[in-house]
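Scope of the values below: all heavy atoms of this structure, side chains included, with no hydrogens, waters or symmetry mates.
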Amino acid sequence: MLSAQLSTPLSRRRALALSALAGGAALTAAACSSGSSSGSGDPNTFEFWSFTGINQKDSVEEYKTLAPDVTVKLTEVGNAQETAQGLTTALAGGKVPDLVLIQAGDLPKFMKNPGNFVDLTTLGADDIQDDYVDWVMAQATAKSGEVIGIPTDVGGMGVAYRTDLMAAAGLPTDRDEVSALWPTWDDFIATGQRYTQATGNAFIDNAATTVFLQAVSQGEEQYYSADGDVVYDTNPVVRESFDLGLKAIAAGITAKLESFTDGWNAGMAKGAFAAVAAPSWMLGSIRSAAPDTEGKWDIAVIPGGSGNWGGSYLAIPARAANPQAAWKYITTMQSPEQQLQHFIDAGSLPTTPVNYDKPELVDHTDPFFSGAPTGRIFTQAVLGLEPFVNGEYNTEISTELLNALNGVEGDGAPADAAWDTATKNIKTAIGA
């Protein structure tokens, strides 16, 4: 699978990662299902499984205004990995939804058995797949040609920073000047040291997601080689990125707040850190966690200039009762026009390149973030990426690397043993 994205990080949930691994057998057992639509079912009703934290209810409500006769039964199963695990169980013989949202990092597991899903070319995907970024569509296309998903968004990267806190440290606040502070990750960490020395406060939320996870995404290879071999332990980009995370921890610039936790949300509101790696979709999280900070944030370019974190696909299980109703939702809500509108409304970066030079996107500014030209910043971050192979166990590998860094940062685990700890746990998680 070609991908230029990273999966959403987990907190310390090895049990979940291992249960997902065990679920691979269930996926194989379910693979005998036909990948073609068996019937239209009810054209005005469908059941939709999504994950939490992305305001899926808003998209469903918007669809209802466009199709008022349609009933959508939305279930937010859990976080992205929990939703994927629930789908794994359902595919093994339980009741499947008509439509499911799958995070890009979890998709490779399901791509092993495309017969578990409707081949969307049987519903008309051939007519629309050229509307989407080619490497994003390639990730949802099986070697035998079946298309099992339509992309909803990509997560172009930037750095969200507090202008008031930067000013208090005697640092620039203009977004171009701030971007110039950190052309490299070493410069970013050095800027953090300047901030912390001036204020006595943390510069970033944590090293795992704001440093390591972004740096590793910028290599031409990540955890898998171009041939699909597991190379996380031999690829120098992975080790160098991991060491950058350790360097940020050693520099004392982190607030030790794991991403998406209650403490992280509270820290955002309290100004516990001045900067955070922010894909386009995270801007909504910042607004939600810290509504009283409007106008105090801005967006700078990510060190290295490019990056992507996130992205998802809509898929229809092969045993869906109402595939036509689900397909109508996909084609309506993921059309280039609707993806552009969703960016304007919610900040999700389109996967439809026809939008990338439209004024509504490239000239879009966000008043919450001091009028930052978010469309231009995030689009440029995606266009600068080289696609790489996203393998079956990307999530497990990423999780254990993040866990090891969080262990050093939050629990005081020895830094000199962190890499060995991560690689040992990865081998256990993926069975190799």
Side-chain angles (χ1 to χ4, degrees), residues 5-17 19-20 23 46-64 72-91 94-107 109-110 149-155 205-206 208-209 213 257-269 276-291 309-317 326 329-330 333-334 342-343 345-349 394-396 398-399 402 406:
Q5 61 80 46
L6 289 173
S7 59
T8 301
L10 294 171
S11 296
R12 299 168 200 178
R13 297 188 179 184
R14 291 196 180 93
L16 179 58
S19 69
F46 66 93
E47 185 174 358
F48 182 8
W49 285 8
S50 179
F51 38 84
T52 56
I54 58 170
N55 295 320
Q56 192 66 253
K57 292 179 182 178
D58 290 348
S59 293
V60 169
E61 289 302 317
E62 182 180 358
Y63 182 65
K64 289 180 178 179
V72 183
K73 300 175 182 177
L74 175 65
T75 300
E76 293 186 336
V77 178
N79 66 29
Q81 285 73 46
E82 290 163 343
T83 303
Q85 180 58 34
L87 178 62
T88 297
T89 301
L91 291 174
K95 185 180 184 299
V96 298
D98 300 303
L99 182 68
V100 62
L101 188 68
I102 303 173
Q103 181 181 247
D106 295 311
L107 189 65
K109 290 183 179 64
F110 297 106
I150 297 296
T152 63
D153 65 301
V154 287
D205 54 343
N206 64 74
T209 54
L213 197 59
L257 296 172
E258 290 188 41
S259 300
F260 314 113
T261 61
D262 290 341
W264 182 81
N265 284 324
M268 190 92 67
V276 57
S280 51
W281 49 262
M282 192 185 283
L283 302 193
S285 298
I286 296 174
R287 287 190 195 92
S288 177
W309 177 9
S312 299
Y313 294 80
L314 287 170
I316 302 173
Y329 180 89
I330 291 174
M333 297 306 294
Q334 303 312 323
H342 198 211
F343 170 78
D345 294 341
S348 297
L349 193 65
N394 245 55
T395 296
E396 287 81 0
S398 181
T399 295
L402 291 165
N406 286 331

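- Atom CG of residue Leu101 and atom CD of residue Glu76 lie 10.0 Å apart, to the nearest 0.5 angstrom.
- The two residues Ser280 and Val154 have their closest heavy-atom pair at OG-O, 3.6 Å.
- In this structure, Trp309 contributes its side chain and Trp281 its backbone to no donor-acceptor pair below 3.5 Å.
- Between Leu87 atom CG and Phe51 atom CZ the span is 11.5 Å, to the nearest 0.5 Å.
- In terms of modelled atom types and a separation under 3.5 Å, the side chain of Thr152 and the main chain of Ser312 share a donor-acceptor contact.
- Put simply, CE on Met268 and OG on Ser259 are 8.0 Å apart, with the number rounded to the nearest 0.5 Å.
- Looking only at side-chain heavy atoms (C-beta outward), Ile316 and Ile330 come within less than 4.5 Å of each other.
- For His342 against Ser348, the heavy-atom pair with the smallest separation is CE1-OG, 3.7 Å.
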- Message: Using side chain to side chain contact (heavy atoms under 4.5 Å, CB included), reason through Phe48 and Leu74 one step at a time and then give a plain yes or no.
- Response: CA-CA 5 Å; Phe48 182 8; Leu74 175 65; 3.8 Å; yes
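- Interatomic distance, Leu99 CG to Ile150 CD1, rounded to the nearest 0.5 Å: 11.0 Å.
- Here the closest non-hydrogen pair linking Thr83 and Gly78 is OG1-O, 3.4 Å.
- Of all heavy-atom pairs between Tyr329 and Gln56, the closest is OH-OE1, 3.7 Å.
- A donor-acceptor distance shorter than 3.5 angstrom exists from the side chain of Thr395 to the backbone of Gly105, with no hydrogens or angles considered.
- Heavy atoms of other residues, nucleotides or ligands lying less than 6.0 angstrom from NZ of Lys64 number more than 12.
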- Task: Just do the side chain to side chain contact (heavy atoms under 4.5 Å, CB included) check on Met282 and Phe260 with the steps written out, would you?
- Result: CA-CA 10 Å; Met282 192 185 283; Phe260 314 113; 3.7 Å; yes
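- Considering CG of Asp153 and CD of Gln334, their distance stands at 8.0 Å, rounded to 0.5 Å.
- Annotation: the span from Lys109 atom NZ to Ile102 atom CD1 amounts to 11.5 Å, rounded to 0.5 Å.
- Between the side chain of Asn206 and the main chain of Leu257, a donor-acceptor pair closer than 3.5 Å is present.
- Across Glu258 and Trp264, no two heavy atoms sit closer than the pair O-CB, 3.1 Å.
- The two atoms that bring Asp98 and Pro317 nearest to each other are O-CD, 3.8 Å, heavy atoms only.
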